[in-house]
Amino acid sequence: MSNAPTLSLGRRMVGLAGSGTVATLLLLLLALWAVFAITIGDRFFSVNTLQSMAFQMPELGILSLAMMLALLSGGLNLSIIATANLSGLTIAFLLTRYIPGSQGLAWVGIQVLAITAGFAVAALVGLLNGFVIAYLGVSPILATLGTMTLCKGLAIGLSHGNVISGFPEPIVFIGNGTVFGVPFALIVLAFCALPVALMLNMTPFGAKVYMIGSNEKATRYSGVNTRAVLLKLYVFSSLLAGVAAVVMLARFNSANAAYGESYLLVTILAAVLGGIDPFGGFGKVGGLLLALIILQVISSAFNLLNLSQFLTLAIWGGILIAVAAVPRFAGKVQR
Amino acid sequence: MPESHIASFGRFRRSHEFWLLIVILGLCASLGFANAQFLTMQNLFDLLTSYAFVGILALGLLVVLIAGGIDISFTATASVAQYITLSIANAYGANWIGVFAIAIGIGGALGALNAIFIQKFRIPSIIVSVATLNIFYGLLIFFTGGKYIYSLPDWFAAGIFWFEFEWGKDSSYGVNLQILALALAFLVTWLLLNRTNIGRQIYALGGNADAAQRLGFHIFGLNILVYCYMGVMAGIASLIQAQLAQSVAPTVLVGKELDVVAAVVIGGASLMGGTGTVLGTFLGLTLLAVLQNGIILLGISSYWSPFFVGLVILISVSATAWSQRERRTRGARR
């Protein structure tokens, strides 16, 4: 493996980009763009296509960020969708109950309060996750499997599986409005991704998260209060699910206990495709965003080509395996 | 009582399975007290029949977890096996042996594909199975258009009904296809894990893969076996599910994978590999079945059923983790 002069172009690009996955993903994205430019033509680059892509990405994007945080610490958060639906229903209930008949300051206040209440619900679920994982020592997959079922159960029990719909203008705008042609939901995604990236890369908290993901025991013995870090991390993860809840209920103009359930495994797919190590310790927000763009490009292109969305699912799976196998075939020794 | 029996009972009393058993017995006693319907033969046979699908999949997953891997693609594998097998049976005709042979073949092949991706491409099993779940399922719906199959061969729709016996006034019971398959799956998995050399190797592989390799175990072969076993179980489970539902619905199985994971992990199997027992899986499955059944019999709105299931999962995994930590700290102090 030490035949340096015969480095392939791919490996040299890897070296330049500093990270294997980002380079692979960029190459993949360029290749996809080229293929779809040939097969679809101008229609693929029209403003309409770009805008519809930008409308569809944020939900999955914010949920994937929530999943990513848990993955980085070597955990997993299976409860993100259930959390989003529970806090979405909370917001929807408060809005439909108190908005009709209110006006002026009360009208604005109720909307702010409803969203705050939704975030509070999400934070509570996060606290429960964090407590069970960090302080009781339950493995994250089991703990969040439990809270997932619990939250979904609460949501179904309270809503009887019904849809709550009909929200005021500003709420609907979050999911469907544009600012200078840019969907507002995309701006929300940016306002989630940027702080998360800064937190992970620039703060001691972020460094501790990566350390816990690499070796939790060693991190604890080096004097880091790993329990407090994990508790906080799962609260952040849950809060992101709460933001996703707002975007989701705004886009559909309704909330339900079972929305977006098929997203759960797709968030893992997106995160891992984006170079987040499923065992923790490695991965950047930039990689995740690239992976999301790739998934969205494929989905939109297949839509334009009138191909089934299920074929898109299959291709997503194939790409995940291909990208995950790259280190092996590039001759790089994996971890 | 001989010395060794006392020792092994003492070990059992400290085990995860013992506490599960206590919880289940307590639950059964109070449910039997609250509703006369609960402790009846009718209810027992109904429960066994309806939980056979999850149970058979849980046994396959148990073997994968013990070996230190994970597989969540089995619902897609089951959907593919079910659809192809019963399409063939409809088009060309087949018998019981034929359909099971085809379903087992398809399940085994898809399982082997997982193992090849995991071992030869060196991709973690969680990534592979998330990917193959989407690939198998996406392709199945793409090629079939998601159409249901409602007409099944007559002999298949009729099923089997063995060892019929009378109980009470006018009710007769017998071993149906679902119960037979579930019992066989338990027996074979127990034999594989406890009575064969390969079973010990699977535990060793999950306990410490490097050590197992240095001992000269054939790691690739073991992995192929483990993931094929999961696939075969998915193939078998898919057929008995179609027989019970009297139709093939390609979209209803995918999404149920976490139910199966819940049954196995409540039963004490660790995701780190190397631990887990057939008895534990049986008890985990029983707990879920009794709980869901009890909620219905107690007349609680079925809307609240998932809430209580979630509560039990959370309490059971927390209690296990807590007792393990207590034991560790006591051990450290000694």
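In what follows, chains carry the letters A, B, and so on, assigned in the order in which the sequence lines appear, proteins first and then strands, with residues in each chain numbered from 1.
- Listed options B:L140, B:I72, B:L258 were ranked by heavy-atom pairs under 4.5 angstrom with chain A; first place goes to B:L258.
- With A:L320 as reference, B:I127 is the one residue of B:I127, B:I123, B:T132 to meet the side chain to side chain contact (heavy atoms under 4.5 Å, CB included) rule.
- Remark: A:Y135 OH to B:S318 OG distance equals 15.0 Å, nearest 0.5 Å.
- Once rounded to the nearest 0.5 Å, the distance linking CD1 of A:I321 with CG of B:L113 reads 7.0 Å.
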Walk me through whether B:W304 and A:L154 qualify under side-chain contact (heavy atoms from CB on, under 4.5 Å). CA-CA 7 Å; B:W304 286 99; A:L154 258 182; 3.9 Å; yes

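- Chain B forms the most heavy-atom pairs under 4.5 Å with one residue out of A:L307, A:L269, A:V132, and that residue is A:L269.
- Neither the backbone nor the side chain of A:I315 comes within contact range of chain B; no heavy atom of the residue lies under 4.5 Å from a heavy atom of that chain.
- Classification of the A:H160-B:Y303 ring pair by plane angle, with boundaries at 30° and 60°, yields parallel.
- With chain B as partner, the option from A:A143, A:A314, A:G146 having the largest number of non-hydrogen pairs under 4.5 angstrom is A:A314.
- With chain B as partner, the option from A:T147, A:I319, A:L150, A:L145 having the largest number of non-hydrogen pairs under 4.5 angstrom is A:L150.
- The heavy-atom pair separating A:T149 from B:G310 by the smallest distance is CB-CA, 3.6 Å.
- Between the OG1 atom of B:T251 and the CZ atom of A:F310 there is a distance of 7.5 Å, given to the nearest 0.5 Å.
- Of the two parts of A:I133, neither the backbone nor the side chain holds a non-hydrogen atom closer than 4.5 Å to a non-hydrogen atom of chain B.
- In terms of heavy-atom proximity, B:A131 sits nearest to A:G317 at CB-O, 3.3 Å.
- With a 4.5 angstrom heavy-atom cutoff, A:L128 touches chain B only via side-chain atoms.
- Annotation: maximal heavy-atom pairing with chain A below 4.5 Å, among B:Y137, B:F307, B:F117, B:F136, occurs at B:F307.
- For B:W19, the CH2 atom counts as loosely surrounded, since its 6.0 Å shell holds 12 or fewer non-hydrogen atoms of other residues, nucleotides or ligands.
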When the side chains of residues 275-289 of chain B are checked against the rest of the protein, which donor-acceptor pairs come out under 3.5 Å, sequence neighbours left out?
from: B:T277; atom 1: OG1; to: B:E17; atom 2: OE2; distance (Å): 2.4
from: B:T277; atom 1: OG1; to: B:G280; atom 2: N; distance (Å): 2.9
from: B:T281; atom 1: OG1; to: B:T277; atom 2: O; distance (Å): 3.2
from: B:T286; atom 1: OG1; to: B:F282; atom 2: O; distance (Å): 2.6

Walk me through it: do A:L136 and B:W322 pass the test side-chain contact (heavy atoms from CB on, under 4.5 Å)? CA-CA 6 Å; A:L136 294 183; B:W322 186 252; 3.6 Å; yes

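- Counting heavy-atom pairs closer than 4.5 Å to chain A, the top-ranked of the candidates B:I135, B:I313, B:V130, B:V254 is B:I135.
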A:L311 and B:L139: side-chain contact (heavy atoms from CB on, under 4.5 Å), yes or no, with the steps? CA-CA 6 Å; A:L311 192 61; B:L139 289 179; 4.0 Å; yes

